[in-house]
Amino acid sequence: MNRELTRIARLRRVVRVLLVIVYSATLVWFVFCLFGGYLLASADYATNVQTSQYILYGFIFFCVLHFALMRGLQSLGGQETALMGRIVGELFPEARFNPAGGVDREALAESRLFGDASTLPSPEATSYGRVELPVGEQTMQICDVGITPQHDKGLAANPLTMLYRSIVRPIFGTRIESSMHTFRGMFGYCRTQRRFKGYVLLLPDHLEDKLGYLAQSVQSIRQKNGAKFVHLEDPEFESLFAVYADDEVEARMVLTPATMRRMTGLRRSFNRDLMISFRGDTLYFASGTPDGFLRPGRRSLADERLLEQLYREIDFCRTVGAEMK
């Protein structure tokens, strides 16, 4: 496995260099199209001809680099998919890894983790793979998803925002395919033996009052269903999660002291935000991973700590699903 990680790390560096060159050249060409006419307006005929030749040579060179980038991305994606399939198979032999598996849009909307479908348009979701894991008599679906809210009007109203997300952000971002997403990471759901009355929503405490799809989701839930903040007698848990529910008694029955300790332990173990909701007979959960949930992270190419993190994340979700009786 170390050899495969080393090979992927080398290919990723090559792809990264090509990506920076290609997207930087695209940005320069965009600027030239806007202001190049003013620069060449006072030039003589010979200068314009020479400039046109340079542009032609540059365009040919750009096409070669772009072709190499596309082939590199294709090869990198194939190697990462094969590696993650092997990792998931070794960590969870009973699991089924489907690199082409999609996400259930209805489950995404029902979770309310990315907005309330009754008051906000359902977000656009792109799936980058799915793991199906048996939990008792049920099957837990865990997907690597990218979320792009449809109510985000900034892209259409502000060309600079579109320019940033489509050209500038890939240069500095972790993954080119995530540049248009507001969320990239793990989203999972599983039916439980217990049916919840109403819903219980757990959001990262430090994001609860910020603008964005989380704040809009909380606001819409409050207005439509009278959701209220639930205060629990666990200061450590409440320093990590803000709990909302339409039935405080049900929230306390779901979030028992043992469950809160387990959630707190997981959150502390990998130092990443968790979003969890209970609704109907289904448990939903999500966690942001900019490198992609079913992709080897940049740090895991040097060591295997994030492989342990992947195991803890999946095992925690399976355990919580099994305990919701």
Side-chain angles (χ1 to χ4, degrees), residues 101-117 120 122-133 135 140-152 174-175 177-178 180-192 196 199-208 210 212-218 220-221 237 240-245 254-255 259 262-264 266-280 282-295 297 306 309-321 324:
V103 59
D104 188 334
R105 294 179 181 272
E106 183 177 349
L108 197 70
E110 289 292 326
S111 73
R112 296 189 177 180
L113 294 176
F114 305 100
D116 184 3
L120 296 173
S122 298
E124 285 290 335
T126 303
S127 178
Y128 299 96
R130 184 179 67 212
V131 173
E132 300 175 5
L133 188 67
V135 178
M140 175 174 287
Q141 311 283 337
I142 312 174
C143 306
D144 183 359
V145 299
I147 303 296
T148 306
Q150 292 188 22
H151 63 264
D152 186 359
T174 56
R175 302 194 70 89
E177 69 270 19
S178 301
M180 299 299 290
H181 300 319
T182 57
F183 173 89
R184 172 71 189 273
M186 170 183 67
F187 170 73
Y189 53 96
C190 179
R191 291 184 179 275
T192 66
F196 308 102
Y199 64 89
V200 180
L201 182 67
L202 283 68
L203 299 179
D205 181 71
H206 67 98
L207 295 180
E208 181 251 335
K210 290 189 176 181
Y213 60 86
L214 286 179
Q216 294 190 16
S217 176
V218 172
S220 63
I221 291 173
F237 178 82
L240 300 173
F241 296 103
V243 181
Y244 291 89
V254 171
L255 298 174
T259 301
R262 186 179 295 277
M263 291 182 177
T264 300
L266 177 71
R267 174 61 179 81
R268 297 291 190 193
S269 67
F270 63 86
N271 193 30
R272 189 184 305 141
D273 290 327
L274 276 173
M275 300 184 292
I276 302 173
S277 67
F278 305 89
R279 189 180 185 191
T282 306
L283 160 72
Y284 305 92
F285 52 90
S287 177
T289 51
D291 283 325
F293 168 59
L294 293 177
R295 292 292 184 270
L306 291 189
Q309 177 177 303
L310 174 66
Y311 176 85
R312 286 196 298 267
E313 290 174 348
I314 297 179
D315 186 64
F316 165 79
C317 297
R318 178 175 61 178
T319 302
V320 171
M324 290 295 105

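Side-chain atoms are counted along with the backbone in the values below, which use heavy atoms only and exclude waters and symmetry mates. Computed from a predicted structure; not experimentally measured.
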Separation between [atom1] of [X] and [atom2] of [Y], rounded to the nearest 0.5 Å:
{"X": "F241", "Y": "I276", "atom1": "CZ", "atom2": "CD1", "result": "5.0 Å"}
{"X": "L202", "Y": "M263", "atom1": "CG", "atom2": "CE", "result": "6.0 Å"}
{"X": "S127", "Y": "L108", "atom1": "OG", "atom2": "CG", "result": "10.5 Å"}
{"X": "F293", "Y": "F187", "atom1": "CZ", "atom2": "CZ", "result": "12.5 Å"}
{"X": "F183", "Y": "T148", "atom1": "CZ", "atom2": "OG1", "result": "11.5 Å"}
{"X": "S277", "Y": "Y189", "atom1": "OG", "atom2": "OH", "result": "13.0 Å"}

Heavy atoms only: give me the nearest T259-V254 pair and the separation to one decimal.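 Minimum heavy-atom contact is OG1-O, 3.9 Å.
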
Minimum heavy-atom separation for M140 and C190, please, with both atom names.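 Closest approach of M140 to C190: CE-CB, 3.7 Å.
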
What I'd like to find out is whether the side chain of M275 reaches to under 4.5 Å of the side chain of P204, using heavy atoms alone.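 M275 vs P204: side chains touch.
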
Is the side chain of D144 donor-acceptor paired with the backbone N or O of L294 at a distance under 3.5 Å, no angle test?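 Indeed, once roles are kept as given, a pair shorter than 3.5 Å links the two residues.
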
May I ask you to decide if C143's main-chain N or O and R130's side chain share a donor-acceptor pair within less than 3.5 Å?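 No, R130 side chain to C143 backbone: no donor-acceptor pair under 3.5 Å.
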
Start with the C-alpha gap between D104 and E110, add the side-chain angles, then the distance that decides, and say whether side-chain contact (heavy atoms from CB on, under 4.5 Å) holds. CA-CA 10 Å; D104 188 334; E110 289 292 326; over 6 Å; no

Check step by step if side-chain contact (heavy atoms from CB on, under 4.5 Å) holds for M186 and F285. CA-CA 8 Å; M186 170 183 67; F285 52 90; 4.1 Å; yes

Step-by-step side-chain contact (heavy atoms from CB on, under 4.5 Å) determination, E132 to Q141: CA-CA 5 Å; E132 300 175 5; Q141 311 283 337; 3.3 Å; yes

Given L201 and L113, is the side-chain contact (heavy atoms from CB on, under 4.5 Å) satisfied, shown in steps? CA-CA 8 Å; L201 182 67; L113 294 176; 3.6 Å; yes

Taking the six-membered ring of Y128, is the NZ or CZ of R295 close enough (under 6.0 Å from the centre) and on axis enough (within 45°)?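 R295 over Y128 ring: no.
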
Does a side-chain N-to-carboxylate-O contact under 4.0 Å join D291 and R184?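 Here D291 does not pair with R184 in a salt bridge, since their nearest N and O are not under 4.0 Å apart.
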
